[in-house]
Structure formats: structure tokens, C-alpha cells
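Only one structure is covered here, and it is reproduced in the block below.
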Protein chains: 2
Amino acid sequence: MSTKSVQPKNIDTRDRILDAAEELFVEHGFAATSLRAIATRADVNLAATNYHFGSKMGLLGSVFHRHIFPVNEERLKRLKALERSERSLTLNEILEALFLPLIEGLPHERLPALMGRIFSEPESITKPIIEKEFAEVAARFQAAIVKVLPDLPIEILRWRFHLMIGSMIHMLKFQSPIGSEYSRDMFTKGIEELINYSVAGLSRGQNLQGNPDQQVNHQEISK
Amino acid sequence: MSTKSVQPKNIDTRDRILDAAEELFVEHGFAATSLRAIATRADVNLAATNYHFGSKMGLLGSVFHRHIFPVNEERLKRLKALERSERSLTLNEILEALFLPLIEGLPHERLPALMGRIFSEPESITKPIIEKEFAEVAARFQAAIVKVLPDLPIEILRWRFHLMIGSMIHMLKFQSPIGSEYSRDMFTKGIEELINYSVAGLSRGQNLQGNPDQQVNHQEISK
DNA sequence: GTCTATACGCCGATAGAC
DNA sequence: GTCTATCGGCGTATAGAC
């Protein structure tokens, strides 16, 4: 109780650095953002960033983790709730569990832009972060999607999942289509449209199970 | 005829810089690639890059333009050929005109990765380049797509076009889905899958005209 | 016209004083 | 926990060699 009390000064410094770094990373990207610019905006000494986070990469990891972790928890929670129902799921509800936590359950307002930017960085930067933060989410959702599209060859499904992630990243990066103004409603509409678009793309040529109001598209799978 | 002869030394230097820059930009991104690393790999003096291209941004523009220009010419050529036919086009043939030039007609083998990387850079870098290289292609193809999806509200179509571009960028960036090895065949398969996926996503809920073998998906447009 | 040497003010990181 | 001083490397610009 005595020596373990919180040090408000430290916590303040840490959070000010995280806030400043987040804004600058989103705007200019990781490599083009200097620790000096971050320190100036956060009104802390240059060396403080290195003391608290070890390196610029460590800072990026902390910036990202603080917002994405609760979203990924919510995603898994929703998927597990669906799977507990023991009926066969629809593609639509799986994708809602994946994408709606980006706008529901109070995610930080800067998370979408931050995700869009970080996923766009070179692989050397994204790889360790994505493996740490998304390994479980990606594996579980991909497995759930395989179950509702049992006739789709796995190599086709891999491509389609990949294409869906690309749509998501691009959508998060801009949060409104080119030529339109950003608004909270516009972004919500975009998430809905991302779900619709992904359902159509993933299920093309497949008979969707367990969803009587979704009709079938009988086109051949490829070629 | 006399003084206008080519200077091989100059041309060699310019091209060596372009080749070296291209490889390093793809691997590490724009901001993380130093002019010193480029000059070293190209075996030229540091200042040569500035002499030939004015700045690092100028170099990026030249690197990109030399490969994307012929591809965009081919795209427009194919679209114009389709439009000259004076029948109503299918979404599928429009998207083939847009995406097949990435694998047909001998585009440079490093173009896909280069496109994927450049489109992923922060907006301050991509904006002038995209406006210069893609303004006409984007406008013409979007107009062609509007024509074959006349009942789709324009704000929905904008979102879907945006989502399609995101899929393309992500696909070009990795050229094989996560967990698969790259091969030329794999990439070709990916372009085909991109076309299929985009046709399904763009036309969701719409009656496709002029394409009797494509069936209709009667789901509501959104929600 | 083509290229080189050099210099300026930034950068990320760190060692050590307080 | 914070700060100053300092390191080698960075993008860019330019003066002048050839």
C-alpha cells in the first residue's frame, strides 16, 4: 500500500506521448514521424519516449495495442456467443461479429484511422504487430467462415478472405469514399457496406446455408 | 543529327537509380528508404539522384510512372474498344479491362508490388501521384460501371468502388494470400479472383444487364 | 550537361548526471 | 524518472570539377 502507489506524473507523461504519437502516426505514417515531433507535441523531453517504450517500434506497438485489444476481445466474445447457439451460423452474422465492434461498444474514435494506417505500413513493421494482436481473431473467424462455405475450395477462400481484409483496410484508412466528406454517419454506412460487399464477395457461387432470406448466386466459382 | 546523339553514360545512371530505388521502395517503403542506400545500390554518387530527379519525391514519381503509364494506356485502350461496340457492356468485361492489363501485355514484373506499396503510403505522398496517373482511368471506369448498375444509388456505388480498390491494393501488395507461397500462377489466380470478387461485391442486390449467364441476387441493397 | 565533394539541420538512440 | 549531451546517419542543396 505504501511504495506501490501510482505515480501520476509518470502516467501523465506516458499517456501524453501515446496521444501525440497516435495523431502523428495516423497523419504522416510511422517512418515519417520523428520522435522529436512526438516529444514536442506531448510536451515531454525527447528521451522520455525511449525511457517509457524502449524504441520507436515499441511505442508503435503500445499505441496500437491500447485501442485494438478491447475491440478484438469484443469480436471474440461475439463470435463465441454465436457459436454457443449450436445452430449453423450465417455468413452475415459472422461478419457482423467481425466488423460491428469497430463502431459499437465504444471503441476509441481514432482507432479506425490508426488501423488503416498501421496495416498499410511495410511488412517489416506490421508483421510482429499483426501476429501479436490478430493471430487468434484471424484464425477463429476464418475457421467460422470455412464452416458456412463448406464447398468453397480452401485456396479460393484464402484469396477471398485476403481481398476482404484489403477492403477493410482501405475503408478504415479513409473512412469515407473519395469525393465524400467524412462524418460519423458516413463511416457507419461504410461499415455496413463493407459487410454487404464482403458477404457478396465471399459467397459468390456458393449456396449460403442457414439464411433463408439470402438468395443464391449460381455463377461458377471461377473462370 | 550531330549533337543530338544519346549519351549512354547518363542513361545508364538514370536507369540504375530507378532500378535501385524501385527495389528499395517496395521492400522498405518510401520514407524508410534513404537516398544514400539508393545511391550505394545503384553505384552512383549521392547527388546524382538529386540532379536527375530533383528530389526524393520526384524520384518516386519517375519510378512509378515508367511502369504504370503503359498499363493505364492499355486499360483505356481496352475500355474504349468495349465502348465502341455500342452494345451494353457487362460488369465482368469492364473489370477485365481494368485488371487484366496487370498480367497481360507484358507489364514490368515488379509493377504489382510497386503499386501495392505506393498506394499504401500516407496520403501526402500518394495524392499528387494518384491524381497525375489515375485521374482519367478512375473517372472513365467509374462512369462505365455506373452505366451497368443504373439502379444503384451513387453513394453506395462510391463505397463499393472504394472497397474494390482496397481489395486490389492489398492483393497487389502481397501477390499471394497469407500462408501461401508466391508464384506467377498464384498471382494470375489472384487477379481472376479479384475480378470475381469485385463483380459479386459491386453488383450485390442489382440486376446485371446484358449478361444472361449472370444471375440476380435479390437481397436488399443495404441493411 | 553530367557528376562529385561537401555542408546544413534534421533523425533515432544512448550514456550518464541529477 | 527525467534531462542534457552526443553519436552516426539522414534528405537536401549547392559550388565547382570535368
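In what follows, chains are A, B, ... by sequence order, proteins preceding strands, each numbered from 1.
- At the heavy-atom level, Gly54(B) lies under 4.0 Å from the strands shown only through sugar-phosphate atoms.
- The closest side-chain heavy-atom distance from Ile103(A) to Leu100(A) is below 4.5 Å.
- Nearest approach of Ile125(A) to Met57(A), heavy atoms of both residues: O-CE, 4.0 Å.
- Summary of the strand contacts: Met57(A) and Val44(B) both lie near DNA chain C, and taking for each the nucleotide with the nearest heavy atom, the more 5' one is attributed to Val44(B).
- Contact annotation: Ser55(B) side-chain N/O to dT12(D) OP1/OP2 distance is not under 4.0 Å.
- Listed pair Thr49(A) / dG12(C) fails the phosphate criterion, with no side-chain N or O lying under 4.0 Å from OP1 or OP2.
- The side chain of Asn50(A) contributes an N or O atom lying less than 4.0 Å from OP1 or OP2 of dA13(C).
- Taking the ring axis of Phe30(A) as reference, the NZ or CZ atom of Lys56(A) stays within 45° of it and closer than 6.0 Å to the ring centre.
- Among dG11(D), dC3(D), dT14(D), the nucleotide with an atom closest to any side-chain atom of Asn45(A) is dC3(D).
- Between the CD1 atom of Ile38(A) and the P atom of dC10(C) there is a distance of 17 Å, given to the nearest Å.
- With hydrogens and angles ignored, no donor-acceptor pair closer than 3.5 Å exists between the side chain of Arg36(B) and the base of dG9(D).
- Whole-Å rounding puts the His28(A) NE2 to dG11(D) P distance at 18 Å.
- Atom NZ of Lys56(A) and atom P of dA13(C) are 7 Å apart (whole Å).
- Regarding Leu35(B), its CG atom lies at a distance of 16 Å from the P atom of dC3(C), rounded to whole Å.
- Across dT12(D), dA5(C), dG1(D), the shortest atom-to-atom separation from the side chain of Tyr51(A) is found for dG1(D).
- Candidate nucleotides dT4(D), dT2(D), dA13(D) were compared by shortest atom distance to the side chain of Ala47(B), and dA13(D) ranks first.
- Atom CZ in Phe53(B) sits roughly 12 Å away from atom P in dT2(C) (whole-Å rounding).
- Rounded to an integer number of Å, the gap from CG of Leu46(B) to P of dC8(C) is 16 Å.
- Taking only side-chain nitrogens and oxygens, His52(A) comes nearer than 4.0 Å to OP1 or OP2 of dT2(D).
- Each of Glu96(B), Glu104(B), Glu83(B) was compared with Arg78(B) under the salt bridge (Lys or Arg N to Asp or Glu O under 4.0 Å) criterion, and only Glu104(B) meets it.
- For Lys189(B) (side chain) and Glu155(A) (main-chain N/O), no donor-acceptor pair under 3.5 Å exists by modelled atom type.
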